[in-house]
Asks: 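Okay, handing you the structure first.
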Amino acid sequence: GIQVEQSPPDLILQEGANSTLRCNFSDSVNNLQWFHQNPWGQLINLFYIPSGTKQNGRLSATTVATERYSLLYISSSQTTDSGVYFCAVEPYILTGGGNKLTFGTGTQLKVEL
Amino acid sequence: DSGVTQTPKHLITATGQRVTLRCSPRSGDLSVYWYQQSLDQGLQFLIQYYNGEERAKGNILERFSAQQFPDLHSELNLSSLELGDSALYFCASSVAGYSRAGELFFGEGSRLTVL
């Protein structure tokens, strides 16, 4: 199946700093989503971005499908940004049944005062 | 609020017991996905239903089963529970799902602790 690698695995930032999280995937994708899992365990949709660039407030994401990677940018980080960031992909190839999202192992982010 | 509702939020039970987790998808979504998140395995896909039909199966144990009802809510049944089944179980829904997954929206999860 498709492989999804995220880097870095852990990141500690001072409040106000910027960061870039990376997601590499092994095959062509039809769908790519970024999620934030907050300290209470909730998985929150950040972006649905199979290709191109999107922005939402201090967050933006870019997916370069032809090169099989996606980047999540966090600017002016806040303590509430702490948690785990997951990239999840749906392979382009149809399986004959339903497709599913395969998750990366995540980037654990801690933002300190 | 994603619009996906999961109950119960927390569940503590003993080894050998059986539990049922419930999921109501977002209004209009036909597809339901179940994922398990444990500390050592990350987020693992279990099973998917589309409009009552099983469409995809992942690493779901034989002790686990699921179904989607005519009103589109879904239940995940876990039986003969073991300590290793302790995990956060997520349900997600999508308006797509027959072939393509589409954009998934996740519920808040059901945290199962097996003692």
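In what follows, chains are A, B, ... by sequence order, proteins preceding strands, each numbered from 1. Everything quoted here is computed from the prediction, not taken from an experiment.
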Asks: Count the heavy-atom pairs under 4.5 Å between each of A:Asn99, A:Thr102, A:Val84 and chain B, then report the option with the highest count.
Replies: A:Asn99
Asks: If I compare all heavy atoms of B:Leu104 with all of A:Asn45, which pair ends up nearest, and what's the gap?
Replies: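 For B:Leu104 and A:Asn45, the tightest heavy-atom pair comes out as O-ND2, 2.9 Å.
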Asks: Which answer fits B:Tyr98, side chain, backbone, both or neither, if we ask what part of it has an atom under 4.5 Å from a heavy atom of chain A?
Replies: backbone
Asks: Tell me, side chain or backbone of A:Pro50 under 4.5 Å from chain B's heavy atoms, or both, or neither?
Replies: neither
Asks: Nearest heavy-atom pair of B:Ala56 and A:Gly98: which atoms, and what distance?
Replies: CB-O, 3.4 Å
Asks: Are B:Leu46 and B:Val4 connected in the hydrophobic side-chain network, where two residues link if heavy atoms are under 4.5 Å apart?
Replies: no
Asks: Would A:Tyr69 end up clustered with A:Trp34 when hydrophobic side chains under 4.5 Å apart are linked, directly or stepwise?
Replies: no
Asks: Do the side chains of A:Leu13 and A:Tyr85 join up, straight or via other hydrophobic residues, at under 4.5 Å, putting them in one cluster?
Replies: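 Looking at the clustering, A:Tyr85 is in the same group as A:Leu13.
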Asks: Taking CD in B:Glu62 as the centre, count heavy atoms belonging to other residues, nucleotides or ligands within less than 6.0 Å. Is the count above 12?
Replies: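 Atom CD in B:Glu62 is not packed in, count stays at 12 or less.
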Asks: Is it the case that the side chain of B:Tyr35 and the backbone of A:Leu101 share a donor-acceptor pair, with hydrogens and angles ignored and the cut-off at 3.5 Å?
Replies: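 Here the side-chain-to-backbone pair exists.
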Asks: Side chain, backbone, both or neither: which part of B:Phe90 has a non-hydrogen atom closer than 4.5 Å to chain A?
Replies: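 Just its side chain gets close to chain A.
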Asks: Sort A:Tyr92 into side chain, backbone, both or neither according to what part of it lies under 4.5 angstrom from a heavy atom of chain B.
Replies: both
Asks: Is it true that, when you exclude B:Asn59 itself, more than 12 heavy atoms of the residues, nucleotides or ligands shown sit nearer than 6.0 Å to its CG?
Replies: no
Asks: Which bit of B:Leu43 is near chain A, if near means a heavy-atom gap under 4.5 Å: side chain, backbone, both or neither?
Replies: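 Contact with chain A involves both backbone and side-chain atoms of B:Leu43.
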Asks: Name the region of B:Gln48, side chain, backbone, both or neither, that has any atom closer than 4.5 Å to a heavy atom of chain A.
Replies: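 B:Gln48 touches chain A through side-chain heavy atoms alone.
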Asks: With a 4.5 angstrom heavy-atom cut-off, is it the side chain or the backbone of B:Gln37 that approaches chain A, or both, or neither?
Replies: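 The answer is the side chain of B:Gln37.
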Asks: Should we say atom CG of B:Leu115 is surrounded by more than 12 heavy atoms from elsewhere, each under 6.0 Å from it?
Replies: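 Yes.
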Asks: When rounded to the nearest 0.5 angstrom, what is the spacing between CG in B:Leu88 and CD in A:Gln42?
Replies: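 Atom-to-atom, B:Leu88:CG and A:Gln42:CD are 10.0 Å apart.
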Asks: If you count heavy-atom pairs under 4.5 Å with chain A, which of B:Glu53, B:Glu54, B:Glu103 comes out on top?
Replies: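 Top option by heavy-atom pairs under 4.5 Å: B:Glu103.
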Asks: Which bit of B:Ser99 is near chain A, if near means a heavy-atom gap under 4.5 Å: side chain, backbone, both or neither?
Replies: both
Asks: Determine, using the 4.5 Å side-chain heavy-atom cutoff (strictly less than), whether A:Ile12 and A:Leu109 are members of one ILVMFWY cluster.
Replies: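 In one cluster: no.
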Asks: Under a 4.5 Å side-chain heavy-atom rule over Ile, Leu, Val, Met, Phe, Trp and Tyr, are B:Phe105 and A:Phe103 clustered together?
Replies: no
Asks: Return the minimal non-hydrogen interatomic distance between A:Leu43 and B:Phe106, and the atom names on each side.
Replies: CD1-CD2, 3.7 Å
Asks: With chain B as the partner, which of A:Asn31, A:Asn30, A:Ile44 has the greatest number of non-hydrogen pairs under 4.5 Å?
Replies: A:Asn30
